[in-house]
Amino acid sequence: MWLSATSLNPVLSVRPAVGLGAKPSAGRAAWHRRSWQVERKVGKMARSLYEWLWQQEFWLPPGITWEDMQESEDIKYPKPRHLLLSIPFAFILIFIRYAFERAVALPLSSKLGVRDKQRPKAQPNPVLEAFYTTRCKKPGEDDLICLAKQCDLPVRKVERWFWHRRNTDRPSLSKKFCEACWRFTFYIIAFFTGLAVLYDKPWLWDHRECWTGYPQQPLLPSVFWYYLLELSFYCSLVFTLPFDVKRKDFKEQIIHHAATIFLISFSYCANYIRIGTLVLVIHDASDCFLEPTKIFNYMKWKKTCDSLFMVFSAVFLISRLVIYPYTVLYNTYYYSMEIFQPFFGYYFVNVLLIILQLLHVFWSCLIIRMLNKFILQGTMDKDMRSDTEESDKDEEGEKIKEKEKNGVTYFSNVTSNDYIQRNGSEPLNNRSHLTNGHVKER
């Protein structure tokens with residue numbers, strides 16, 4: 001059933017009233033004829049697109065046709081229209097997330113001592129605000145000088161204004177805490193749901209079973225709801241991307257979400273559901289440890305955070321660089337060839353799986369760098385994907401410069417006890433601060 005052009009366009013669907021016995025004018029008849037031609041062209045284009053998209057060569061192995069995938073009362077197969085349910089379910093998850101963050105995560109953050117840092121707000125300035133919102137958030141030296149002249153302010157004050165304005169837009173600690181709590185809750189539920197669904201399935205233990213009888217593998221209700229839960233969650237992440245915490249790997253996150261949604265959708269339509277369930281369980285396993293690591297980091301529980309980070313790193317590297325390539329990539333690339341010859345769906349699903357693996361390698365490099373610093377320095381470095389507060393170091397540097405101009409600089413801002421002792425000088429507690437460039441002995 002195809003929607004006609006007149007049913008979609010209110011202008012085309014409204015026909016001028018013609019009185020009984022009245023003959024339509026030549027212009028009116030030509031208008032009807034043109035609208036009928038447009039309607040036919042739209043119908044043909046839609047029908048051609050539909051026929052091209054659902055060619056059995058794209059979705060089914062050689063020798064299998066759509067007639068072989070006919071359903072019965074006892075056997076049900078995946079249907080593309082089932083995926084439309086993920087959209088309303090995604091909005092339901094967004095509503096649940098909003099209620100969870102307000103009713104559970106936010107009060108929990110205050111009880112656990114998570115406090116938002118007090119950030120100095122930028123003073124209202126229409127000229128600078130217009131430049132910030134329309135042109136650039138981090139202006140260069142030429143722009144700073146030009147803006148300083150327009151506002152009749154020193155360049156340093158204009159630069160400081162942009163520091164404060166950028167930090168104002170950065171997410172607060174409580175927002176990060178709430179987001180991590182929500183994701184941790186979902187990943188825990190999804191991971192154990194996946195285990196409950198798959199523990200008695202043969203393909204979880206023998207990976208060759210992923211291809212037994214393919215593509216005529218019936219759709220089990222439990223697997224369908226598990227698939228729908230995961231697809232709805234990733235759709236909700238895409239919908240909330242503009243409002244979530246933006247990190248330095250924001251572009252990689254978009255690629256990851258897009259590849260995951262395409263992979264889940266295509267694997268469902270092509271009945272790659274068995275291999276798809278393995279991919280979902282493997283991903284949720286490491287994510288269950290990542291989010292509590294963030295939570296304890298926001299709580300300033302350093303030792304617990306470092307311990308969880310080590311556990312997460314081990315689970316991530318093993319699951320994404322060892323288990324995933326063998327269980328999924330090798331399985332899909334080689335074991336499937338024992339059942340059928342390569343076709344478009346075979347190449348397409350392998351490309352998506354390889355894209356995910358490249359992202360795994362990218363994130364593994366970041367984790368290994370953090371592990372290297374943890375081993376060498378004895379402390380875990382901050383999340384390399386997170387943005388830093390600009391005002392902290394910049395404001396400190398500004399204060400030092402101002403004190404130097406006034407001839408007063410405290411000794412603790414210039415050097416340290418270790419530096420003094422290495423040079424054979426007295427420790428800091430035997431000296432007072434510098435006054436006008438001279439050292440006063442106690």
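Model, not experiment: these values are computed from the prediction.
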Participant: A side-chain contact here means heavy atoms from C-beta on lying under 4.5 Å apart; do Arg97 and Phe186 qualify?
Facilitator: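 No; the side chains remain at least 4.5 Å from each other.
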Participant: With a 6.0 Å cut-off on the ring centroids, do Phe289 and Phe316 count as close?
Facilitator: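 Distance test on ring centres: not under 6.0 Å, no.
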Participant: Check the angle between the aromatic planes of Tyr330 and Tyr326 and answer parallel, tilted or perpendicular using the 30° and 60° thresholds.
Facilitator: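 Taking Tyr326 first and then Tyr330, their aromatic rings lie parallel (interplane angle under 30°).
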Participant: More than 12 heavy atoms of other residues, nucleotides or ligands under 6.0 Å from OH of Tyr335: is that the case?
Facilitator: yes
Participant: Can you tell me if Asn350 uses its side chain to pair, donor with acceptor, with the backbone of Tyr346 under 3.5 Å?
Facilitator: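 Present.
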Participant: Can you measure from OG (Ser364) to CG (Leu317) and round to the nearest 0.5 angstrom?
Facilitator: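 With rounding to 0.5 Å, OG (Ser364) is 5.0 Å from CG (Leu317).
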Participant: Drop me the distance from His257's NE2 to Leu241's CG, to the nearest 0.5 angstrom.
Facilitator: 5.0 Å
Participant: Given the rule in the side-chain contact (heavy atoms from CB on, under 4.5 Å) test, do Phe309 and Leu371 qualify, once you have shown the distances and angles that lead to the verdict?
Facilitator: CA-CA 9 Å; Phe309 177 75; Leu371 282 174; 3.7 Å; yes
Participant: Please list, chain by chain and in numerical order, all residues satisfying side chain to side chain donor-acceptor pair (under 3.5 Å) with Thr212, sequence neighbours excluded.
Facilitator: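 Thr212 satisfies side chain to side chain donor-acceptor pair (under 3.5 Å) with Glu209 once adjacent residues are dropped.
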Participant: Nearest 0.5 Å, what's the CZ-OG distance between Phe296 and Ser307?
Facilitator: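 Taking CZ in Phe296 and OG in Ser307, the distance rounds to 10.0 Å.
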Participant: Determine the minimum heavy-atom distance between Leu93 and Leu229, stating which atoms define it.
Facilitator: CD1-O, 4.4 Å
Participant: Any pair with a residue in residues 213-240 that passes salt bridge (Lys or Arg N to Asp or Glu O under 4.0 Å), sequence neighbours left out, goes on the list, sorted by first then second residue, please.
Facilitator: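 Not a single pair qualifies under salt bridge (Lys or Arg N to Asp or Glu O under 4.0 Å).
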Participant: Would you confirm whether Ser110, through its side chain, and Pro107, through its main-chain N or O, come within 3.5 Å as a donor-acceptor pair?
Facilitator: yes
Participant: For Asp284, what residues pass the salt bridge (charged side-chain N to carboxylate O under 4.0 Å, His left out) criterion, not counting sequence neighbours?
Facilitator: none
Participant: May I ask you to test the Phe191-Leu195 pair for a side-chain heavy-atom distance under 4.5 Å?
Facilitator: yes
Participant: Cys235 and Ser86: which non-hydrogen atoms are nearest, and at how many Å?
Facilitator: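 Between these two residues, the closest heavy atoms are SG-OG, 4.2 Å.
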Participant: Please examine the side chains of Lys138 and Phe162, heavy atoms only from C-beta on, and report whether any two atoms are closer than 4.5 Å.
Facilitator: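 They are not in side-chain contact.
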Participant: Do Leu219 and Lys79 have side chains that approach each other closer than 4.5 Å (heavy atoms only, starting at C-beta)?
Facilitator: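 No, their side chains stay 4.5 Å or more apart.
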Participant: Any side-chain heavy atom of Tyr347 within less than 4.5 Å of one from Pro342?
Facilitator: yes
Participant: Give the minimum heavy-atom separation between Cys210 and Gln217, together with the two atoms involved.
Facilitator: O-NE2, 2.9 Å
Participant: A side-chain contact here means heavy atoms from C-beta on lying under 4.5 Å apart; do Leu153 and Leu147 qualify?
Facilitator: no
Participant: Can you confirm whether Tyr333 sits close enough to Leu353 that some side-chain heavy atom of one is under 4.5 Å from a side-chain heavy atom of the other?
Facilitator: no
Participant: Got Ser336 and Asn331 here, is their nearest side-chain heavy-atom distance under 4.5 Å?
Facilitator: no
Participant: Start with the C-alpha distance between Leu173 and Arg115, add both sets of side-chain angles, then the distance that settles side-chain contact (heavy atoms from CB on, under 4.5 Å), and finish with yes or no.
Facilitator: CA-CA 7 Å; Leu173 202 61; Arg115 297 288 183 267; over 6 Å; no
Participant: Apply the test side-chain contact (heavy atoms from CB on, under 4.5 Å) to residues Phe177 and Leu112: give CA-CA distance (whole Å), side-chain angles for both, the deciding distance (0.1 Å), then the verdict.
Facilitator: CA-CA 11 Å; Phe177 181 89; Leu112 294 177; 3.9 Å; yes
Participant: Shortest non-hydrogen contact from Ser174 to Ser109?
Facilitator: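 Looking at all heavy atoms of both residues, the shortest contact is CB-OG, 4.4 Å.
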Participant: The criterion is salt bridge (charged side-chain N to carboxylate O under 4.0 Å, His left out); which residues satisfy it with Asp143, sequence neighbours excluded?
Facilitator: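 Asp143 satisfies salt bridge (charged side-chain N to carboxylate O under 4.0 Å, His left out) with no residue once adjacent residues are dropped.
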Participant: Does any pair with a residue in residues 266-280 pass side chain to side chain donor-acceptor pair (under 3.5 Å), and if so which ones, sequence neighbours excluded?
Facilitator: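 Of all non-adjacent pairs touching residues 266-280, those that pass side chain to side chain donor-acceptor pair (under 3.5 Å) are His82-Tyr268, Trp203-Thr277, Tyr227-Ser267.
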Participant: What is the distance from atom OG1 of Thr332 to atom CG of Leu278, rounded to the nearest 0.5 Å?
Facilitator: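 Reported to 0.5 Å precision, the distance equals 8.5 Å.
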Participant: On a heavy-atom basis, which atom in Tyr77 and which in Pro218 lie closest, and how many Å separate them?
Facilitator: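 Answer, listing the atom of Tyr77 first, then Pro218: CE2-N, 4.1 Å.
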Participant: If only atom types and distance count, is the side chain of Trp205 paired as donor or acceptor with the main-chain N or O of Tyr199 below 3.5 Å?
Facilitator: yes
Participant: Distance check, rounded to the nearest 0.5 Å: Leu237 atom CG versus Asp244 atom CG?
Facilitator: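 With rounding to 0.5 Å, CG (Leu237) is 7.0 Å from CG (Asp244).
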Participant: Does Phe344 CZ have over 12 foreign heavy atoms under 6.0 Å away?
Facilitator: yes
Participant: Show, in sequence, the C-alpha distance, side-chain angles and deciding distance for Ile264 and Leu280, and conclude whether the side-chain contact (heavy atoms from CB on, under 4.5 Å) test is met.
Facilitator: CA-CA 9 Å; Ile264 294 175; Leu280 295 173; 3.9 Å; yes
Participant: Got a second to check how far Ile96's CD1 is from Trp182's CH2, nearest 0.5 Å?
Facilitator: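 Going from the CD1 atom of Ile96 to the CH2 atom of Trp182 covers 6.0 Å.
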Participant: Identify the heavy atoms of His283 and Asp287 that sit nearest to each other, and give their distance.
Facilitator: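 Minimum heavy-atom contact is O-OD2, 3.1 Å.
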Participant: Mind checking what makes salt bridge (charged side-chain N to carboxylate O under 4.0 Å, His left out) contact with Glu291, not counting sequence neighbours?
Facilitator: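 For Glu291, the residues satisfying salt bridge (charged side-chain N to carboxylate O under 4.0 Å, His left out) (neighbours in sequence not counted) are Lys294.
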Participant: What I want to check is whether the side chains of Ser286 and Arg320 have a donor and an acceptor closer together than 3.5 Å.
Facilitator: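 Yes, Arg320 and Ser286 have a side-chain donor paired with an acceptor closer than 3.5 Å.
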Participant: Run the ring-centre check on Tyr187 versus Phe233 and record whether the distance is less than 6.0 Å.
Facilitator: yes
Participant: Applying the salt bridge (Lys or Arg N to Asp or Glu O under 4.0 Å) test to Glu179, which of Lys175, Arg183, Lys176 qualifies?
Facilitator: Arg183
Participant: Within a 6.0 Å radius of atom CZ on Phe262, are there more than 12 heavy atoms belonging to other residues, nucleotides or ligands?
Facilitator: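 Check fails, neighbour count at 12 or below.
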Participant: Say whether, by atom type as modelled, one donor and one acceptor occur between the side chain of Lys201 and the main chain of Val197 under 3.5 angstrom.
Facilitator: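 Here the side-chain-to-backbone pair exists.
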Participant: Are more than 12 heavy atoms, taken from residues, nucleotides or ligands other than Lys76, located less than 6.0 Å from that residue's NZ atom?
Facilitator: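 Yes, enclosed.
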